[in-house]
Amino acid sequence: MKNSSFYPTYFLLVGIPGLEHEHIWISIPFCITYTFALFGNLMVMFVILVSPRLHQPMFIFLSMLAGNDALLCTSFTPKILSVFWFNDRAISFTGCLLQMFFIHSFTSIESGFLLSMAYDRYIAIYNPLRYSAIITSRLILRLVIVFLVRVLVLIGPCLILIKRFPAFKTNVVRHSYCEHMAVVKLADADTHVNSVYGLFVAFTVIGCDLLLILLSYVMIFKVVFNLPSKDARLKAFNTCTPHICVVLSFYSTALFSFLSHRYGKIPPYIHILFSDIYLLLPPMLNPIIYGMKTNLIRQETWKMLRKH
């Protein structure tokens with residue numbers, strides 16, 4: 001399509017611009033990471049589901065996080081691999097918007113679950129006697145509903161604003177998936193509103209959640225350091241270690257990808273690789289971190305493996 005302005009019925013994903021000749025080799029770590037992420041998260045969900053000892057709020061949050069991670073990496077990795085392996089670059093206009101919606105929705109929900117898990121750890125350490133009365137199944141369900149509504153309210157308008165563009169300069173998306181700003185930049189129209197709204201959504205979701213997580217840990221550490229014995233402090237801190245590791249892996253890659261895209265002077269292929277890593281690496285690391293750092297999950301997993 002060489003027209004100066006048109007309304008496309010499909011987009012063409014480039015993959016990793018500048019590294020097209022290396023796509024086959026790049027696909028190998030992508031495929032391995034995706035396989036480990038999918039298998040690991042499904043394993044965590046299954047272990048928690050079949051183990052009565054794990055039917056506690058902390059592990060319910062973890063199973064929801066694992067389910068969200070499996071959906072997140074599945075929302076874009078199969079298409080990336082089809083680009084790498086078969087040069088299957090085409091994606092319909094509607095399919096592109098749906099992929100964009102699911103990617104940003106699952107990352108938003110992931111952030112919400114991490115915030116919920118920080119609150120869960122705060123209550124468990126600050127007020128352990130009332131933990132079961134505060135962190136109930138009803139509260140967990142309400143939190144899930146809030147995160148789903150947040151997705152619809154904040155992410156939905158991004159798609160509507162893109163649909164309202166009268167025309168596009170090209171249908172070639174210089175990215176490996178339908179990233180919001182990568183698609184917006186193709187529009188043959190004023191994109192200022194889209195850019196500002198994208199920043200607003202990012203700071204509202206990631207910024208607010210991260211701030212509340214940091215505040216939760218300030219209060220957690222305040223309680224931990226006031227515990228009378230060293231053993232009690234160490235035990236309390238160890239219950240938070242897996243969550244801290246997961247938070248660091250998710251938000252550090254998210255912030256680097258976000259800031260480098262808007263303010264960094266780095267080659268496009270570096271930014272796109274980090275965008276892919278941001279979406280793919282945390283889902284792979286999360287089950288490993290919780291499997292290694294959480295005794296109950298490790299015990300139940302080994303028990304299940306020995307039975308089979």
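Model, not experiment: these values are computed from the prediction.
- Using a 4.5 Å heavy-atom cutoff, the side chains of His23 and Ile16 are in contact.
- Between Ser111 and Tyr251, the side chains place a donor N or O and an acceptor N or O closer than 3.5 Å (distance only, hydrogens not considered).
- Cluster annotation: Val218 is not connected to Phe221 through the hydrophobic network of ILVMFWY side chains, with a link wherever side-chain heavy atoms come within less than 4.5 Å.
- Not counting sequence neighbours, the partners of Asn68 by the side-chain hydrogen bond (donor to acceptor under 3.5 Å, both in side chains) test are Glu110.
- Applying the 6.0 Å contact sphere to CZ of Phe39 captures no more than 12 heavy atoms from other residues, nucleotides or ligands.
- For Tyr10 and Phe93, the gap between ring centers reaches or exceeds 6.0 Å.
- Applying the salt bridge (Lys or Arg N to Asp or Glu O under 4.0 Å) definition to pairs two or more places apart or across chains, those involving residues 70-80 are Lys79-Asp88.
- Between His271 and Tyr269, the distance from one ring center to the other does not fall under 6.0 angstrom.
- With Ser108 as reference, Val205 is the one residue of Leu148, Val205, Val201 to meet the side chain to side chain contact (heavy atoms under 4.5 Å, CB included) rule.
- Judged purely by atom type and a 3.5 angstrom limit, Thr294 has no side-chain atom pairing as donor or acceptor with the backbone of Ile297.
- Within the structure, salt bridge (Lys or Arg N to Asp or Glu O under 4.0 Å) contacts touching residues 97-106 (residues at least two apart or in different chains) do not occur.
- For residues 131-159, the salt bridge (Lys or Arg N to Asp or Glu O under 4.0 Å) pairs, not counting sequence neighbours, are Arg150-Asp209.
- Residue pairs meeting the side-chain hydrogen bond (donor to acceptor under 3.5 Å, both in side chains) criterion with at least one partner in residues 236-250, sequence neighbours excluded, are Tyr217-His243.
- Pairs of residues two or more places apart, or lying in two chains, never qualify as salt bridge (Lys or Arg N to Asp or Glu O under 4.0 Å) while including a residue from residues 24-47.
- Two rings, from Phe113 and Phe61, have their centers 6.0 Å or more apart.
- Taking hydrophobic clusters as Ile, Leu, Val, Met, Phe, Trp and Tyr residues chained together by side-chain heavy-atom distances below 4.5 Å, Val196 does not share a cluster with Ile155.
- Pairs passing the side-chain hydrogen bond (donor to acceptor under 3.5 Å, both in side chains) check and including a residue from residues 31-40, sequence neighbours excluded, read Tyr34-Thr74.
- Applying the disulfide bond (SG atoms under 2.5 Å apart) rule to Cys96 yields the partners Cys178; only residues at least two apart in sequence or on another chain are considered.
- Proximity of Phe250 to Leu114: side-chain heavy atoms (C-beta onward) are separated by under 4.5 Å at one or more points.
- Ile28 meets the side-chain contact (heavy atoms from CB on, under 4.5 Å) test with Trp25, Ile32; sequence neighbours excluded.
- Residue Phe165 is tested with Val183, Asn194, Leu186, Asp190 for a side chain to side chain contact (heavy atoms under 4.5 Å, CB included); the sole match is Asn194.
- Among residues at least two apart or in separate chains, there is no disulfide bond (SG atoms under 2.5 Å apart) pair with a member in residues 19-56.
- Note on residues 112-133: pairs passing side-chain hydrogen bond (donor to acceptor under 3.5 Å, both in side chains), not counting sequence neighbours, are Asp120-Tyr131.
- For residues 47-58, the set of pairs meeting the side-chain hydrogen bond (donor to acceptor under 3.5 Å, both in side chains) definition, not counting sequence neighbours, comprises Ser51-Glu300, Arg53-Gln299, Arg53-Glu300.
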